[in-house]
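All values below were derived from every heavy atom in this structure, side-chain atoms included, with hydrogens, water molecules and symmetry-related copies excluded. Every value quoted in this text rests on a predicted model; they were computed, and no experiment measured them.
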Amino acid sequence: MLQGCLNGNRARDSHPALPLSPAELAADAARCAGLGVAAVHVHPRTAEGVESLRPEVVADALVAIRAAVPGLPVGVSTGAWMEPDPQARVAAVQSWTVLPDFASVNAHEPGAEAVARALHERGVMVEAGLWTPPAVEAYLGWRVPVGRVLVECMAPAPEDALAEAAAMLDALPPGGPGVLLHAEGAGVWAVLAEAVRRGLATRIGLEDTLWLPDGSPAPDNAALVAAATALGAG
């Protein structure tokens with residue numbers, strides 16, 4: 001499975017084709033779905049371009065994407081940088097009027113299990129985001145059902161990102177939820193190739209990288225998806 005990660009927490013000036021508004025996210029989701037992504041992960045924004053968990057902001061993005069690509073699963077982030085107070089993040093999830101199909105919860109963040117529980121209680125599939133081996137240990141202590149595990153490699157060098165991937169994958173017990181393996185930054189393409197080699201789900205998009213495998217600037221999310229599928233993802 002190839003997931004498109006369309007914008008992340010990047011600022012508008014980080015890339016001219018970065019989609020932020022509901023209409024931009026919907027158009028990019030449609031283009032990427034046409035190229036083979038099976039789901040999209042987005043960070044909804046206010047009219048000022050600020051990430052938000054507010055119900056109207058989440059709803060606007062989800063409604064627009066679903067109108068453009070009916071049936072495409074859509075997920076959002078619940079990153080603590082949007083709302084540092086764990087209780088406020090739980091309250092935000094509980095206030096959503098339109099629900100995503102899935103939502104990522106970073107296991108290392110304070111209150112992560114409570115946020116995951118709030119999502120599960122609302123019928124939203126939980127993606128457990130694991131950035132380090134200690135985060136894997138924290139996640140393994142959860143008592144909340146998880147639909148997918150995101151092994152997320154943040155090391156700046158490709159060889160270190162691959163080492164992170166191996167360490168976290170080795171720490172996961174067999175028989176658990178499906179794994180989506182990806183990286184951010186310079187390790188993106190090496191880790192994507194490793195995910196393909198291992199037969200794991202992966203993701204690509206401007207959230208994770210601004211560069212194509214040959215080192216040239218990526219024109220947009222569609223170009224990144226096309227490059228990933230050419231490497232066997234999806």
Side-chain angles (χ1 to χ4, degrees), residues 1-10 17-45 51 53 57-79 93 96 98-106 115-116 119-120 122-130 145-153 176-184 188 191-192 194-196 198-209 218 220-234:
M1 189 270 284
L2 178 62
Q3 185 183 101
C5 52
L6 303 185
N7 60 353
N9 62 0
R10 293 189 188 273
L18 186 76
L20 297 185
S21 72
E24 291 167 346
L25 288 169
D28 251 22
R31 283 189 289 268
C32 292
L35 291 168
V37 301
V40 292
H41 166 85
V42 301
H43 292 219
R45 307 298 185 96
E51 290 180 88
L53 297 175
V57 177
V58 173
D60 286 349
L62 295 177
V63 169
I65 294 169
R66 287 170 175 160
V69 201
L72 180 71
V74 185
V76 301
S77 173
T78 63
V93 168
W96 287 348
V98 178
L99 297 176
D101 297 284
F102 56 93
S104 61
V105 182
N106 298 319
V115 175
L119 289 164
H120 174 68
R122 298 218 61 195
V124 178
M125 189 186 85
V126 176
E127 291 183 318
L130 310 179
V146 168
R148 184 159 50 234
V149 171
L150 308 181
V151 174
E152 310 190 69
C153 306
V179 173
L180 187 154
L181 174 64
H182 78 101
E184 293 189 7
V188 161
V191 172
L192 184 140
E194 179 67 5
V196 171
R198 289 177 178 258
L200 299 174
T202 190
R203 77 179 201 184
I204 197 66
L206 292 172
E207 173 172 354
D208 285 354
T209 186
D220 51 26
N221 277 309
L224 290 168
V225 170
T229 57
L231 293 173

Restricting to non-hydrogen atoms, name the atom on Val42 and the atom on Val74 that form the minimum distance, rounded to 0.1 Å. CG2-CG1, 4.3 Å
Let me confirm one number: the NE2-SG distance from His43 to Cys5, rounded to the nearest 0.5 Å. 8.0 Å
Could Asp101 and Arg66 be called an ion pair, given the rule that one side-chain N must be under 4.0 Å from one carboxylate O? yes
Checking side chain to side chain contact (heavy atoms under 4.5 Å, CB included) for the pair Leu119/Trp96: CA distance, chi angles, key distance, verdict? CA-CA 10 Å; Leu119 289 164; Trp96 287 348; 3.7 Å; yes
In Å and rounded to the nearest 0.5 Å, what is the OG to CD distance from Ser77 to Glu127? 10.0 Å
Going from CG on Leu18 to CZ on Arg10, what distance comes out if it is rounded to the nearest 0.5 angstrom? 7.5 Å
Determine the minimum heavy-atom distance between Met1 and Ala38, stating which atoms define it. CG-CB, 3.6 Å
Interatomic distance, CG@Asn106 vs OG1@Thr78, rounded to 0.5 Å, equals 6.5 Å
Heavy-atom side-chain contact between Leu181 and Cys153 under 4.5 Å: yes
Within-4.5 Å side-chain heavy-atom neighbours: Asn221 and Pro19: yes
Side chain to side chain, Pro145 and Val126, heavy atoms closer than 4.5 Å: no
Shortest non-hydrogen contact between Phe102 and Val40, atoms and distance: CZ-O, 3.4 Å
Write down the atom of Leu6, the atom of Cys32, and the distance for their closest heavy-atom approach. CD2-SG, 4.1 Å
Do you know which two heavy atoms are closest between Ala195 and Ala201, and how far apart they sit? CB-O, 4.0 Å
Counting only N and O atoms by type, is there a donor-acceptor contact under 3.5 Å from the side chain of Asn7 to the main-chain atoms of Leu20? no
Donor + acceptor pair across side chains of His41, Gln3 (<3.5 Å): no
Between the main-chain N or O of Leu192 and the side-chain N or O of Thr202, is there a donor-acceptor pair closer than 3.5 Å? no
Tell me, do Val76 and Pro44 make a side-chain contact under 4.5 Å, heavy atoms counted? yes
Do Val63 and Val98 have side chains that approach each other closer than 4.5 Å (heavy atoms only, starting at C-beta)? yes
Of all heavy-atom pairs between Pro100 and Gly75, which one has the smallest distance, and what is that distance? CB-CA, 4.4 Å
Determine whether Ser21 and Arg45 make a side-chain contact, defined as any pair of heavy atoms from C-beta on separated by less than 4.5 Å. no
Please check this pair: side chain of Arg122 against backbone of Val93, looking for a donor-acceptor N/O pair closer than 3.5 Å. yes
Using a 4.5 Å cut-off on heavy atoms from C-beta on, say whether the side chain of Thr229 contacts that of Leu2. yes
Separation between CD of Glu152 and OG of Ser104, rounded to the nearest 0.5 Å: 7.0 Å
Could you check whether any side-chain heavy atom of Arg203 comes within less than 4.5 Å of a side-chain heavy atom of Leu180, counting everything from C-beta outward? yes
